[in-house]
Amino acid sequence: MPASGRQAAPTSVLLAGGGTAGHVSPLLALADCLRRRDPAIAIAALGTEAGLESRLVPERGYELLTIPKVPLPRKPTADLLRLPGSLRAAVAAAERAIESTGAQVVVGFGGYVSTPAYLAARRRQVPMVVHEQNARPGVANRLGARLTHHVATTFPSTRLRGARTIGMPLRPEIARLDRGAARGEALAHFGLEDRRPTLLVTGGSLGAQRLNAAFEARAHGLRAAGVQVLHLTGAGKTFDIDDGGVGAPYVVAAYTDRMDLAYAVADLVVCRAGANTVCELTAVGLPAVYVPLPIGNGEQRLNAADVVAAGGGLLVEDRALTPEWVDDTLVPLLADTPRLQAMATAASGVGERGADEALADLVTAAFHESPR
């Protein structure tokens with residue numbers, strides 16, 4: 001056993017996931033954790049040429065191997081285990097990736113890439129680990145959970161065979177963020193002022209039209225009320241504020257590559273309820289108004305359920321997020337410092353900062369056991 005007291009870890013790991021930031025972010029967080037533990041470990045990611053991983057993985061310094069993108073039915077069936085024609089090429093490519101990297105463990109994060117990776121690992125008798133980010137698991141991870149007992153979830157409410165709840169692996173700059181210590185730097189970075197209530201509005205990298213429209217319509221009113229705003233609109237969706245500089249600052253940007261500083265400057269966040277967003281906000285103890293995406297399978301509402309139930313956030317339907325709601329509900333909330341502090345405490349109580357280490361431990365445990 002190493003001097004650290006940990007079991008010997010694998011020397012090569014293949015991480016499968018991609019398409020969206022929700023799959024790529026925890027993949028990179030685990031990769032960083034494994035690399036911190038063992039700088040010599042070989043880490044490769046399995047993805048597609050079209051997903052965000054095609055840019056984010058190489059930028060982080062990890063090798064990316066690609067396979068064909070194969071859409072899957074919503075429900076896992078026995079047919080998947082018989083390798084239908086639509087999967088055969090992708091599984092073969094995943095097997096080649098396992099062979100070329102010498103992977104001793106395959107870790108899947110869901111999405112198009114993970115199903116071929118799980119099936120390839122099963123054929124190659126390579127141990128596998130499954131991590132599910134959302135409260136409602138996807139088809140790939142429901143399949144993966146049938147093939148291994150090394151299964152982890154982000155939320156306690158997630159129903160997935162044999163799973164243990166560990167939380168969401170987060171980027172180190174978020175997991176280690178001290179909001180109070182970073183606030184001065186954050187104010188200067190965004191051109192905001194001290195001693196003002198500060199609102200962060202973000203719809204993620206793609207933006208959220210409902211949020212953008214409601215807050216653009218009330219930008220002047222928020223400034224007049226003394227509320228300063230950092231509004232991240234998404235690429236190509238910025239707008240201008242022209243009122244002669246009267247009132248509190250209202251900063252509009254498409255995005256920021258310093259979300260740690262955006263969190264450090266904020267007193268309250270209005271956002272969608274993607275799993276990564278919910279977990280980052282609770283980890284750093286930020287109260288939020290969650291506006292679930294009104295399409296899909298309802299997973300965003302479930303993602304926010306625990307923190308809302310604990311009192312660390314509010315849930316507002318997309319159609320209810322109007323300029324009038326901003327006037328009637330949000331502005332009074334921002335003026336209620338004791339309530340915001342209580343919400344922050346409640347959010348922090350739900351948050352988890354150590355999921356990357358817990359998932360790395362699961363990788364090591366899988367390495368020491370044979371797959372089912």
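Keep in mind it's a predicted model, so treat the numbers as computed, not measured.
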Between T154 and E132, does the side chain to side chain donor-acceptor pair (under 3.5 Å) criterion hold? Intermediate values first, please.
CA-CA 6 Å; T154 297; E132 174 58 52; over 6 Å; no
Is there a donor-acceptor pair closer than 3.5 Å between any side-chain N or O of [X] and the backbone N or O of [Y]?
| X | Y | value |
| --- | --- | --- |
| D260 | I174 | no |
| T158 | N134 | yes |
| Y118 | G108 | yes |
| Q104 | T11 | yes |
| T329 | V326 | no |
| R210 | D318 | yes |
| T148 | A145 | no |
| R353 | L177 | yes |

Which of parallel (below 30°), tilted (30 to 60°) and perpendicular (above 60°) describes H231 and F215?
perpendicular
Is it true that, when you exclude E49 itself, more than 12 heavy atoms of the residues, nucleotides or ligands shown sit nearer than 6.0 Å to its CD?
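Not buried by this count: 12 neighbours or fewer within 6.0 Å.
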More than 12 foreign heavy atoms under 6.0 Å from CG of D328: is that the case here?
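Count over threshold, so yes.
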Any link between [X] and [Y] through a network of hydrophobic side chains (Ile, Leu, Val, Met, Phe, Trp, Tyr) touching at under 4.5 Å?
| X | Y | value |
| --- | --- | --- |
| V308 | L211 | no |
| L52 | L30 | yes |
| L359 | L27 | yes |

When you check the gap from the basic side-chain N to the acidic O, do [X] and [Y] get nearer than 4.0 Å?
| X | Y | answer |
| --- | --- | --- |
| R60 | D32 | yes |
| E216 | K237 | no |
| D361 | R37 | yes |
| E173 | R258 | no |

Once you round to the nearest 0.5 Å, how far does CZ of R164 lie from CG of L362?
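The CZ atom of R164 sits 5.0 Å away from the CG atom of L362.
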Before you tell me yes or no, could you show the steps for R183 and T198 under side-chain contact (heavy atoms from CB on, under 4.5 Å), namely the whole-Å CA-CA distance, both residues' side-chain angles and the distance that decides it to 0.1 Å?
CA-CA 11 Å; R183 184 172 172 81; T198 306; 3.8 Å; yes
Mind checking whether L286 and R179 have side chains closer than 4.5 Å, heavy atoms only?
yes
Below 4.5 Å, heavy atoms only, C-beta onward: do L119 and L143 meet side chain to side chain?
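Counting from C-beta outward, L119 and L143 do come under 4.5 Å.
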In a check of side-chain contact (heavy atoms from CB on, under 4.5 Å) between V270 and each of T202, V289, V316, L314, which one passes?
V289
With side chain to side chain donor-acceptor pair (under 3.5 Å) as the test, would you mind laying out the steps for E280 and N276 before giving the verdict?
CA-CA 6 Å; E280 288 189 347; N276 206 63; 3.2 Å; yes
Please assess V291 against R272 for the test side-chain contact (heavy atoms from CB on, under 4.5 Å), listing each intermediate value before the final yes or no.
CA-CA 5 Å; V291 187; R272 291 299 192 193; 3.5 Å; yes
